[in-house]
Amino acid sequence: MSSAKAIVSSFVEDIKALTLSSPSLLKELGPAFEKYNEEQFIAVKLPGSSQLVIVSSHSSLGDGRYFDVESSSSFAFDHATHKASAVQSHVLEGPQTDLVKSTLKGLSPYVKEHFPNAAFGVYPIEDDSRIAIIIVANKYSPKNFWNGRWRSLYIFDPSSGALEGAIKVDVHYYEDGNVRLLTNKPINVSVSSGTGAGIAKEISALEKKYQEELNRSFTSLSEGAFKGLRRQLPVTRQKIEWDKVASYRLGQDIGGGSSRR
């Protein structure tokens with residue numbers, strides 16, 4: 001997550017440099033930072049902890065504070081610096097507490113097995129009538145000019161067994177240009193058991209299936225659309241023999257040799 005924090009810090013510093021005459025502008029951008037961070041499910045480590053917790057509208061307590069069920073804590077979050085602070089105890093109570101905790105327990109093995117760097121959370125919402133399930137995984141490789149994020153959001157209704165939501169993938173490659181993959185896979189299924197283990201099993205199956213769909217799409221793009229962007233052979237329809245490049249007129253011109261006219 002340090003790369004995400006570094007990107008935000010760099011952005012904030014650029015804003016400061018560009019708005020020296022209007023120092024209050026950065027403060028006015030606070031709501032925009034908050035909206036972005038909550039929509040992107042920004043994950044952050046609590047002070048003194050290696051555990052990642054999620055910033056989202058579903059985990060918001062208001063006034064810049066958020067809660068995490070797994071650690072039974074709440075925390076303040078600075079949307080401009082991506083720093084958590086002022087950690088306090090926050091014990092979950094309510095009719096969906098058992099379902100929330102059992103869903104967390106069921107999801108843990110799946111997330112740890114399939115995502116190298118992920119955070120996940122389950123939260124009671126809508127006056128404790130439903131639960132929100134979030135999975136977010138990030139991978140940053142600025143040295144290789146690419147970043148990627150996987151976001152899953154599901155809303156489960158215990159009264160009907162309906163599980164609705166979406167899986168979103170965002171991959172950005174930016175070496176000598178910009179290529180971006182944005183996907184949004186709507187989800188609408190039923191979990192007959194209505195248990196935390198059943199919810200976790202359904203999510204695991206849904207995401208595995210979607211990953212396989214993405215893999216097939218990548219293969220199709222590689223074999224089809226991407227190959228169509230450039231010729232596999234020069235206009236002569238013959239491969240260039242690079243070890244004999246000096247015999248080509250262009251090679252002679254570059255090398256300063258003579259050619260017959």
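Heavy-atom basis, side chains included; hydrogens, waters and symmetry copies ignored. Everything quoted here is computed from the prediction, not taken from an experiment. One-based numbering along the sequence shown.
- Aromatic ring pairs are classed by plane angle as parallel below 30°, tilted from 30° to 60° and perpendicular above 60°; the pair His82 and Phe77 is tilted.
- To the nearest 0.5 Å, atoms OG1 (Thr195) and CD (Glu202) are separated by 11.0 Å.
- Side-chain atoms of Val55 and Phe75, non-hydrogen and from C-beta on, do get closer than 4.5 Å to each other.
- No donor-acceptor distance shorter than 3.5 angstrom exists from the side chain of Ser57 to the backbone of Glu38, with no hydrogens or angles considered.
- Counting only distance, with no hydrogens or angles, the side chain of Arg65 and the backbone of Ala86 share a donor-acceptor pair below 3.5 Å.
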_Verdict with reasoning, Ile199 to Ile131, per side chain to side chain contact (heavy atoms under 4.5 Å, CB included)_ = CA-CA 11 Å; Ile199 294 169; Ile131 65 171; 4.2 Å; yes

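- Note that CZ of Arg130 is 7.0 Å distant from CD1 of Ile125, once rounded to the nearest 0.5 Å.
- For the atom pair CD (Gln40) and NZ (Lys168), the distance works out to 8.5 Å, reported to the nearest 0.5 Å.
- Here the side chain of Ser217 pairs a donor or acceptor atom with the backbone of Glu213 at under 3.5 angstrom.
- Take Ser204 and apply the side-chain contact (heavy atoms from CB on, under 4.5 Å) test, not counting sequence neighbours, and it matches Tyr110.
- Across all non-hydrogen atoms, the minimal contact from Thr103 to Val122 is CG2-CG2, 3.9 Å.
- Here the CG atom belonging to Leu52 is positioned 11.0 Å from the CD1 atom belonging to Ile42, to the nearest 0.5 angstrom.
- Side-chain N or O atoms of Ser129 include one that pairs as donor or acceptor with a backbone N or O of Glu126 at under 3.5 Å.
- Around CD of Glu212, the count of heavy atoms belonging to other residues, nucleotides or ligands within 6.0 Å exceeds 12.
- The 12-atom threshold is not exceeded at CG of Asp127, counting heavy atoms of other residues, nucleotides or ligands nearer than 6.0 Å.
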*Do Phe67 and Gln88 pass the side chain to side chain contact (heavy atoms under 4.5 Å, CB included) test, and can you show the C-alpha distance, the side-chain angles, and the key distance before you say yes or no?*
CA-CA 9 Å; Phe67 74 96; Gln88 299 176 1; over 6 Å; no

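- Using a 4.5 Å cut-off on side-chain heavy atoms (C-beta onward), Arg180 and Asp170 make contact.
- Using a 4.5 Å cut-off between side-chain heavy atoms of Ile, Leu, Val, Met, Phe, Trp and Tyr, with links allowed through other members, Ile167 and Val189 fall into the same hydrophobic cluster.
- Rounding to the nearest 0.5 Å places OH of Tyr154 at 9.0 Å from CG of Leu107.
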*Steps toward ring-ring contact (aromatic ring centres under 6.0 Å, His included) verdict (His58, Tyr123)*: CA-CA 7 Å; His58 301 296; Tyr123 316 95; 7.4 Å; no

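- Considering only heavy atoms from C-beta on, Val44 comes within 4.5 Å of Val53 through its side chain.
- Under the 4.5 Å side-chain heavy-atom criterion for ILVMFWY residues, a single connected hydrophobic cluster contains both Leu61 and Ile54.
- In this structure, Ala132 and Leu153 approach most closely via the heavy-atom pair CB-CD1, 4.4 Å.
- Residues Ala119 and Ala43 share a closest heavy-atom pair of CB-CB, 3.9 Å.
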*Given Val136 and Phe115, is the side chain to side chain contact (heavy atoms under 4.5 Å, CB included) satisfied, shown in steps?*
CA-CA 9 Å; Val136 58; Phe115 297 96; over 6 Å; no

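- Summarising the geometry of Leu99 relative to Pro158, their closest heavy-atom pair is CD2-CG, 3.9 Å, with the distance given to 0.1 Å.
- In this structure the side chain of Ile203 never reaches within 4.5 angstrom of the side chain of Ile187, judged on heavy atoms.
- Side chain of Ser60 to backbone of Gly62: a donor-acceptor contact under 3.5 angstrom is found.
- Contact of the Ser108 side chain with the Phe120 side chain is registered, since non-hydrogen atoms from C-beta on lie closer than 4.5 Å.
- Taking all atoms of both residues into account, the shortest heavy-atom contact from Pro47 to Ser85 is CG-CA, 4.3 Å.
- Between the side chain of Arg151 and the backbone N or O of Glu39, at least one donor-acceptor pair lies under 3.5 Å.
- Counting non-hydrogen atoms of other residues, nucleotides and ligands closer than 6.0 Å to CG of Asp78 gives a total above 12.
- Counted by atom type alone, Gln51 and Ser71 present zero donor-acceptor pairs between their side chains at under 3.5 Å.
- No side-chain heavy atom of His114 sits less than 4.5 Å from a side-chain heavy atom of Glu207.
- Considering only residues two or more places apart in sequence or on other chains, Asp128 meets the salt bridge (charged side-chain N to carboxylate O under 4.0 Å, His left out) condition with none of them.
- Taking 4.5 Å as the limit, every side-chain heavy atom of Phe41 sits out of range of all side-chain heavy atoms of Ile135.
- Between the OH atom in Tyr140 and the NE2 atom in His172 there is a gap of 13.5 Å [rounded to 0.5 Å].
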*Could you please spell out the steps behind the side chain to side chain contact (heavy atoms under 4.5 Å, CB included) verdict for Trp146 and Lys139?*
CA-CA 9 Å; Trp146 65 265; Lys139 195 160 186 179; 3.9 Å; yes

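- Nearest heavy-atom pair, Asn184 versus Ala166, reported as atom, atom and distance to 0.1 Å: OD1-CB, 3.5 Å.
- In this structure, the side chains of Leu214 and Tyr210 come closer than 4.5 Å at one or more pairs of heavy atoms.
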